[in-house]
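Written out below as structure tokens is the structure these notes cover.
Sequential numbering from 1 along the given sequence is applied to the chain's residues. Only this structure's heavy atoms are used, side chains among them; waters, hydrogens and symmetry mates stay out. Bear in mind the structure is a predicted one, so any value in this text is a computation, not a measurement.
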Amino acid sequence: MSRIPFPDPDTMSDAQRQVYERIVSGPRGRLVGPLRAALHNPELADRWQAFGALLRFGTRLPPRVSELAIVVTARRWNSQIEWHIHAQAAAAAGISPTVLEAIRARRTPVFDTPADEVVYEYARQLQETGQVAPALYARALDYWDAAGVVELTAVIGYYTLVSMTLNAHEIPMPDDAPAPLDVPAEGGQPALSRLAPLPPGMAQ
């Protein structure tokens with residue numbers, strides 16, 4: 001159960017309803033996840049949904065790149081809804097079930113392409129250290145140029161915000177789906193997941 005109530009279409013203010021209609025008529029098709037909470041502030045929700053739509057659907061990055069970065073972020077933050085939605089999207093974009101299961105289980109994934117290795121390790125390093133190694137950053141530039149690397153970094157940052165919002169408010173899973181991720185603990189408290197680094201020489 002969520003820690004906060006969510007605006008209902010029958011009781012929304014005019015400002016909330018306008019944003020709600022823009023969301024459900026756009027590529028998302030329905031109101032799920034963090035936008036349910038953000039709608040308490042219609043201006044925030046409107047800018048949020050536009051920014052999120054741009055990063056998910058409007059960059060030069062192929063969906064395979066974006067969705068892989070998103071599931072790495074979801075696993076880092078143990079974000080149940082984010083994983084539930086984006087693991088499906090990543091599979092549709094070509095990420096294999098074996099790779100997705102390895103990330104979910106925090107094991108070392110074996111990727112199909114060197115580009116996938118770069119995406120995984122870029123997202124993993126940025127999430128766990130706040131930095132990206134120079135050689136890895138250079139490889140990302142080789143694949144996606146400066147604009148693409150800016151977009152990739154923004155995708156990771158945006159879905160970190162999504163994860164924190166989902167977790168803080170305990171927004172429930174859509175369609176009564178079961179939670180797909182275990183949550184590690186340290187000192188008796190929930191902890192962020194540590195993803196397995198790729199072996200030396202990969203994604204370098």
Side-chain angles (χ1 to χ4, degrees), residues 1-95 100 103-104 119 123 126-127 144 147-181 183 192:
M1 178 178 294
S2 174
R3 290 171 164 173
I4 57 173
F6 298 127
D8 183 270
D10 295 330
T11 59
M12 289 177 182
S13 68
D14 289 343
Q16 288 172 327
R17 182 173 295 281
Q18 290 175 10
V19 178
Y20 172 79
E21 294 295 341
R22 279 195 284 275
I23 293 169
V24 299
S25 64
R28 293 181 180 86
R30 61 176 180 162
L31 180 65
V32 296
L35 289 172
R36 298 178 71 187
L39 202 57
H40 280 283
N41 180 326
E43 184 174 359
L44 171 63
D46 196 28
R47 297 187 184 199
W48 187 317
Q49 68 88 17
F51 186 41
L54 172 64
L55 288 176
R56 187 173 181 191
F57 304 110
T59 72
R60 69 192 64 206
L61 299 172
R64 182 185 187 105
V65 171
S66 296
E67 295 298 336
L68 178 55
I70 294 168
V71 295
V72 172
T73 304
R75 177 66 273 196
R76 169 63 171 163
W77 286 88
N78 310 310
S79 181
Q80 307 289 355
I81 297 176
E82 191 167 301
W83 180 274
H84 173 73
I85 292 172
H86 289 280
Q88 298 177 54
I95 302 299
L100 290 170
I103 297 172
R104 190 193 69 80
V119 175
L126 189 56
Q127 289 284 320
W144 302 293
V149 177
V150 168
E151 291 171 343
L152 176 61
T153 306
V155 166
I156 296 165
Y158 171 77
Y159 281 95
T160 296
L161 169 62
V162 170
S163 294
M164 290 191 295
T165 301
L166 294 169
N167 290 352
H169 304 305
E170 295 184 356
I171 296 175
M173 294 287 291
D175 307 319
D176 296 321
L181 303 175
V183 178
L192 299 181

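- Scanning both residues, A90 and E67, for their nearest heavy atoms gives CA-CB, 3.7 Å.
- Distance CG/L68 to CG/L61: 11.5 Å, rounded to 0.5 Å.
- Residue L126 holds its CG atom at 7.5 Å from OG1 of T160, rounded to the nearest 0.5 Å.
- R64 places a side-chain N or O within 3.5 Å of a backbone atom of G94 that can act as its donor or acceptor partner.
- For the pair G33 and I171, the tightest heavy-atom approach, listed with the atom from each and the gap, is O-CD1, 3.7 Å.
- Heavy-atom minimum distance, L166 versus I81: CD2-CD1, 3.8 Å.
- With rounding to the nearest 0.5 angstrom, the CE atom of M12 is 5.0 Å from the CG atom of L39.
- Nearest approach of P42 to Q16, heavy atoms of both residues: CG-CG, 3.5 Å.
- Summarising the geometry, atom CD1 belonging to I156 is positioned 14.0 Å from atom CG belonging to L161; distances are rounded to the nearest 0.5 Å.
- Remark: D176 CG is loosely packed, at most 12 non-hydrogen atoms of other residues, nucleotides or ligands lying under 6.0 Å away.
- The backbone N or O of A168 sits less than 3.5 Å from a side-chain atom of R3, completing a donor-acceptor pair.
- No side-chain heavy atom of I23 sits under 4.5 Å from any side-chain heavy atom of W48.
- Between the CD atom in Q49 and the CG atom in L35 there is a gap of 7.0 Å [rounded to 0.5 Å].
- For D14, the CG atom counts as loosely surrounded, since its 6.0 Å shell holds 12 or fewer non-hydrogen atoms of other residues, nucleotides or ligands.
- The distance from atom OG of S13 to atom NE2 of H40, rounded to the nearest 0.5 Å, is 11.0 Å.
- The closest donor-acceptor contact from the side chain of R104 to the backbone of P180 lies under 3.5 Å.
- Looking at S66 and Y159, their side chains never come closer than 4.5 Å, going by heavy atoms from C-beta outward.
- Across every non-hydrogen atom of L100 and A87, the tightest pair is CD1-O, 3.5 Å.
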Residues R60, W144; criterion side-chain contact (heavy atoms from CB on, under 4.5 Å); working and verdict: CA-CA 9 Å; R60 69 192 64 206; W144 302 293; over 6 Å; no

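- The closest donor-acceptor contact from the side chain of Q80 to the backbone of L181 lies under 3.5 Å.
- Residues A69 and V119 approach most closely at N-CG1, 3.7 Å, considering heavy atoms.
- Between the side chains of T73 and E82, no donor N or O sits under 3.5 Å from an acceptor N or O.
- D8 contributes a side-chain N or O that, together with a main-chain N or O of D10, makes up a donor-acceptor pair within less than 3.5 Å.
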Between W77 and Q127, is the side-chain contact (heavy atoms from CB on, under 4.5 Å) condition met? List the steps. CA-CA 9 Å; W77 286 88; Q127 289 284 320; 2.8 Å; yes

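- At least one side-chain heavy atom of H84 sits less than 4.5 Å from a side-chain heavy atom of P174.
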